[in-house]
Amino acid sequence: MTPIVHHVTHPLVQHKLTLMRQKDRSTNSFRRLLHELSMLMAYEVTREMPTSMIEIETPLATMRSPVIDGKKTVFVAVMRAGDGFLDGMLEVVPGARVGHIGLYRDPKTLVAVEYYFKMPQDMHERDAIVLDPMLATGNSAVAAVERLKETRPKSIRFVCLLAAPEGLRNFQAHHPDVPVYTAAIDERLDEHGYILPGLGDAGDRIFGTK
Ligand SMILES: O=P(O)(O)OC[C@H]1O[C@H](OP(=O)(O)OP(=O)(O)O)[C@H](O)[C@@H]1O
Ligand SMILES: O=c1cc[nH]c(=O)[nH]1
Ligand SMILES: [Mg+2]
């Protein structure tokens, strides 16, 4: 299976990401930009969403026209930073269900440690879209998708803002069947596993911790 990475190069996405990377940006502004970016990323990741035809009446005629069944989509936020993606995605697909996976990265070993897992019922009928702004070593993304696969969703996609080449390789080695949507592929990881040039610690910047 050929692993797929969708690099979203739309100028609006790139512009907003540049603003988010700036170190002096306020928490408020960072969060606002993430919200806007999540709506733009939602547009990309739902591009192949299945539609069905319904009959409707326009003021002039009846016609058959396509609709989506938003309830079949589940957004899976990887806490905490993935929560920052949720509101914007739900604005675009308001009927979607939401799952949460709580993971933190052990700062010494960089291993992902799970502390929470909650998914909607009937996952086998749903298309899952996993949300986490950062794919650094890839350990969190690999663990999140591994755990999610236990629930047997119909399909899985992974959305982030920044990915490191090392993390993409790790993810694709474990989950070649899961396409990744990212706004940037950065240079490399630093000695603490942070993405360079990156944007720092996404969770801390979204929630104003630290
Ligand atoms: O690819 P990795 O090396 O695993 O790093 C990426 C993970 O690190 C961040 O979470 P963090 O552990 O900081 O938790 P937080 O969202 O609660 O801050 C980020 O949101 C990812 O989940
Ligand atoms: O650069 C990084 C790496 C992991 N987690 C983050 O929030 N940022
Ligand atoms: Mg963090």
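For the single chain, residues carry numbers from 1 onward in sequence order. Just follow the structure's listing: the first ligand is 1, and inside any ligand the first atom is 1.
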Distance under 4.0 Å to a non-hydrogen atom of [X]: what atoms of ligand 2 satisfy this?
X      : result
Ala136 : 3 (C), 4 (C)
Ala202 : 6 (C), 7 (O)
Tyr194 : 1 (O), 2 (C), 3 (C), 8 (N)
Arg105 : 3 (C), 4 (C)
Ile195 : 1 (O), 2 (C)
Met134 : 1 (O), 2 (C), 6 (C), 7 (O), 8 (N)
Gly200 : 1 (O), 2 (C), 6 (C), 7 (O), 8 (N)

Please report whether ligand 1 has a polar contact with [X], defined as an N or O pair separated by less than 3.5 Å (distance criterion only).
X      : result
Asp204 : no
Gly138 : yes
Tyr104 : no
Asp132 : yes

Within the 4.5 Å heavy-atom criterion, are [X] and [Y] side-chain neighbours or not?
X      : Y      : result
Asp69  : Ser52  : no
Leu162 : Arg21  : yes
Lys154 : Met123 : no

Below 4.0 Å from any atom of ligand 1, is there a heavy atom belonging to Leu110?
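The answer is no: ligand 1 sits nowhere under 4.0 Å from a heavy atom of Leu110.
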
Answer with yes or no whether Gly193 contacts ligand 1, where contact means a heavy atom under 4.0 Å from a ligand atom.
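False for this residue.
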
Near [X], which atoms of ligand 1 are under 4.0 Å from a heavy atom of that residue?
X      : answer
Gly203 : 18 (O)
Ala81  : 16 (O), 20 (O)
Met134 : 6 (C), 19 (C), 21 (C)

For [X], is the [atom1] atom crowded, meaning more than 12 foreign heavy atoms sit under 6.0 Å from it?
X      : atom1 : answer
Glu57  : CD    : no
His15  : NE2   : no
Gln121 : CD    : no

For Phe158, the option from Tyr181, Phe75, Phe171, Phe85 that meets ring pair (Phe, Tyr, Trp, His ring centres under 6.0 Å):
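Passing option: Phe171.
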
Give the single entry among Lys210, Glu166, Arg105 that approaches atom 8 (O) of ligand 1 most closely by any heavy atom.
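Ranked by closest heavy atom to atom 8 (O) of ligand 1, first place is Arg105.
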
Please state which option from Thr137, Ile101, Val111, Asn170 has its nearest heavy atom closest to atom 2 (P) of ligand 1.
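Shortest heavy-atom distance from atom 2 (P) of ligand 1: Thr137.
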
Testing the 3.5 Å rule here: is there a donor-acceptor pair between the side chains of Asp127 and Ser155?
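Result is yes, a qualifying pair exists.
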
When you compare the side chains of Thr209 and Arg80, does any donor N or O come within less than 3.5 Å of an acceptor on the partner?
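Present: a donor and an acceptor within the cut-off.
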
I would like to know whether Arg47 and Glu44 meet salt bridge (charged side-chain N to carboxylate O under 4.0 Å, His left out); could you show each step before the answer?
CA-CA 5 Å; Arg47 203 174 268 284; Glu44 291 293 335; 3.4 Å; yes

Is there at least one pair of N or O atoms, one from Gly193 and one from ligand 2, spaced under 3.5 Å apart?
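By distance alone, the answer is no.
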
Polar atom proximity, Gly203 to ligand 2 (N or O, under 3.5 Å):
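Looking only at distances, the answer is no, because the N/O contact criterion of under 3.5 Å is not met.
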
Just by modelled atom types, is the Ala183 backbone N or O under 3.5 Å from a matching donor or acceptor in the Gln14 side chain?
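Side chain of Gln14 to backbone of Ala183: a pair is present.
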
Does a side-chain N-to-carboxylate-O contact under 4.0 Å join Arg169 and Glu166?
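No, this pair does not count.
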
